[in-house]
**Q** 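So that we are looking at the same thing, I have put the structure below in structure tokens.
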Amino acid sequence: MATKFRKIGVLTSGGDAPGMNAAVRAVTRAALARGVQVMGIYGGYRGMIDDDMIELTSREVSNKITLGGTFLYSDRCLEFKEEAGMKKAIETLKKHEIDGVVCIGGDGTFRGATDLSAHGIPTIGIPGTIDNDITATDNTIGFDTAMQTVLENVDRLRDTCESHARCNVIEVMGRGAGDIALNTAIACGAVDAVIPEVKFDEDALLKKIVRLRRDGKRNFIVIVSEGVEDCSERLAKRINDETKALGEKENDKTLWVETKFCRLAHVVRGGSPTLSDRLLATKMGVRAVDELLAGKSDLVICEKGGEIVTTEIKFSQVLDRMYKGTLKDGMLDGFTKEQLDEMKAIIAEKKKVFEETYALMAELAN
Ligand code: F6P
């Protein structure tokens with residue numbers, strides 16, 4: 001263990017995610033067990049700028065493992081992106097003699113961690129976001145709980161759809177990633193999932209709904225990821241209007257698949273974390289402390305095939321951009337051929353899993 005670490009900071013930033021508290025608890029208890037003090041920084045990077053923090057004792061993190069949200073609060077702090085904000089943040093860290101920081105959040109949080117690291121403050125990132133959109137890790141903290149919450153809510157919607165022979169189009173969060181929508185569509189027995197990763201054939205869905213209604217199917221669930229623009233509400237209206245017109249044309253009211261729209265929105269971000277999220281957060285939190293105290297910086301803790309591993313934040317960010325097709329000139333500079341090949345392999349595998357999972361959902365949605 002590098003001896004220079006006497007005090008570290010921990011923060012949660014960006015959209016909150018269930019399990020962030022479990023990660024803070026793990027960071028705190030692991031650091032204390034290694035003789036290192038911990039400061040909890042309030043409101044993400046904002047707390048560094050405003051000098052808003054609290055010493056975290058073992059008791060301070062008691063009973064937090066079960067709580068949703070983040071007791072350290074969160075913020076998307078624009079001031080931190082400016083040099084003046086960064087200067088204030090570093091002054092605060094120096095004043096409190098904080099030797100390194102664990103930053104829990106998504107890609108925006110990691111950008112902040114990298115900036116701090118570039119200014120000489122060692123940082124380790126932990127992926128905490130419901131979206132599961134950090135390509136370097138199989139799972140992010142909060143993803144499992146978010147899916148469980150979608151499942152519970154859609155099961156309720158299905159009950160009422162069945163009673164009234166209706167369809168419900170449900171929009172779920174995920175930013176640009178369809179992970180929540182696709183997995184919950186399978187688990188909820190949805191008739192389709194509309195996600196950014198797979199081309200959506202809207203006419204085919206309409207035909208399928210009519211075919212299944214003629215076959216006697218009463219309820220229909222369609223899950224749409226918020227990342228697919230101009231879709232969910234419009235699709236609900238289209239299913240409703242076209243099946244209603246068909247019923248009128250054929251003089252058969254049962255062909256009308258009355259369709260309601262529901263946006264689960266921030267409901268999906270709240271609630272007590274699942275067992276999987278608590279375990280993941282705990283393992284990642286302890287590993288983050290070990291990496292920091294071993295003198296490492298600018299890393300993100302990932303889960304790969306059930307193992308906790310580390311990846312350079314820069315690698316993780318470029319990988320995300322390569323996956324989303326948002327690379328800019330020069331971003332690949334400095335990476336070796338092996339690293340670029342590794343990125344391409346990870347992306348190919350992720351795309352394959354998406355296609356296979358979508359095919360599985362589509363085959364059974366009948
Ligand atoms: O990144 C998490 C997330 O919940 C996304 O799924 C969603 O698009 C976004 O944050 C919502 O952000 P806000 O809380 O600022 O409305």
Side-chain angles (χ1 to χ4, degrees), residues 11-24 42-47 67-81 103-113 125-154 169-185 193-197 223-233 261-274 276-277 280-281 284 300 302 313 316-317 319-321 323-324 326 354:
L11 60 82
T12 53
S13 163
D16 62 349
M20 280 183 160
N21 288 324
V24 173
Y42 283 120
Y45 296 105
R46 160 77 39 215
L67 299 182
T70 162
F71 79 98
L72 287 180
Y73 313 134
S74 195
D75 192 11
R76 292 188 172 107
C77 179
L78 296 178
E79 205 184 331
F80 185 73
K81 289 185 179 164
C103 306
I104 306 166
D107 55 354
T109 306
F110 296 162
R111 269 194 298 281
I126 294 182
T129 165
I130 62 164
D131 301 337
N132 207 39
D133 60 350
I134 307 291
T135 317
T137 184
D138 290 346
N139 289 296
T140 56
I141 296 167
F143 173 49
D144 187 64
T145 309
M147 289 193 293
Q148 186 63 32
T149 304
V150 170
L151 190 73
E152 285 162 14
N153 282 282
V154 174
V169 176
I170 301 140
E171 185 188 287
V172 298
M173 274 191 173
R175 207 179 287 271
D179 300 53
I180 294 176
L182 181 55
N183 286 293
T184 54
V194 190
I195 56 174
E197 293 83 355
I223 304 205
V224 181
S225 171
E226 67 171 350
V228 182
E229 277 173 31
D230 181 35
C231 181
S232 50
E233 272 186 279
F261 168 70
C262 172
R263 179 176 287 127
L264 290 180
H266 294 77
V267 164
V268 173
R269 277 220 320 240
S272 178
T274 57
S276 294
D277 274 331
L280 185 65
M284 286 183 162
V300 53
C302 299
I313 290 183
S316 164
Q317 286 177 325
L319 177 64
D320 282 341
R321 282 186 169 268
Y323 178 68
K324 291 176 200 152
T326 56
F354 254 106

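Ligands are counted one by one from 1 in listed order, and the atoms in each one are counted from 1 as well. Residues: numbered from 1 along the sequence shown.
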**Q** Is the closest heavy atom of Gly174 to ligand 1 under 4.0 Å?
**A**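 Gly174 counts as a contact of ligand 1 under the 4.0 Å cut-off.
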
**Q** Show your working on salt bridge (charged side-chain N to carboxylate O under 4.0 Å, His left out) between Arg263 and Glu226 and close with a plain yes or no.
**A** CA-CA 9 Å; Arg263 179 176 287 127; Glu226 67 171 350; over 6 Å; no

**Q** Looking only at protein heavy atoms, identify the closest one to atom 9 (C) of ligand 1 and say how far it is in Å.
**A**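 Closest protein heavy atom to atom 9 (C) of ligand 1: Arg175 NH2, 3.6 Å.
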
**Q** Has Lys81 got more than 12 heavy atoms of other residues, nucleotides or ligands less than 6.0 Å from its NZ?
**A**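 Count not over threshold, so no.
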
**Q** To which protein heavy atom is atom 6 (O) of ligand 1 closest, and what is the distance rounded to 0.1 Å?
**A**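 Here the closest protein heavy atom is Asp131 OD1, 2.7 Å.
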
**Q** List the steps, then state whether side-chain contact (heavy atoms from CB on, under 4.5 Å) holds for Asp75 with Tyr45.
**A** CA-CA 7 Å; Asp75 192 11; Tyr45 296 105; over 6 Å; no

**Q** Between Ser225 (side chain) and Val228 (backbone), is there a donor-acceptor pair under 3.5 Å?
**A**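 No, because the side chain of Ser225 does not come within donor-acceptor range (under 3.5 Å) of the backbone of Val228.
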
**Q** Could you name the option among His266, Arg76, Arg269 that has the heavy atom nearest to atom 4 (O) of ligand 1?
**A**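 Minimum heavy-atom distance to atom 4 (O) of ligand 1 goes to Arg269.
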
**Q** Using a 4.0 Å cutoff against the non-hydrogen atoms of Met173, which atoms of ligand 1 qualify?
**A**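 So the atoms of ligand 1 that pass are 4 (O), 6 (O), 7 (C), 11 (C).
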
**Q** Note the single closest protein heavy atom to atom 8 (O) of ligand 1, along with its residue, its atom name and the distance in Å.
**A**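 I find the closest protein heavy atom is Glu226 OE2, 2.5 Å.
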
**Q** Counting only heavy atoms from other residues, nucleotides and ligands, does the tally under 6.0 Å from CZ of Phe71 exceed 12?
**A**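 Yes, because the 6.0 Å sphere around CZ of Phe71 holds more than 12 heavy atoms from other groups.
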
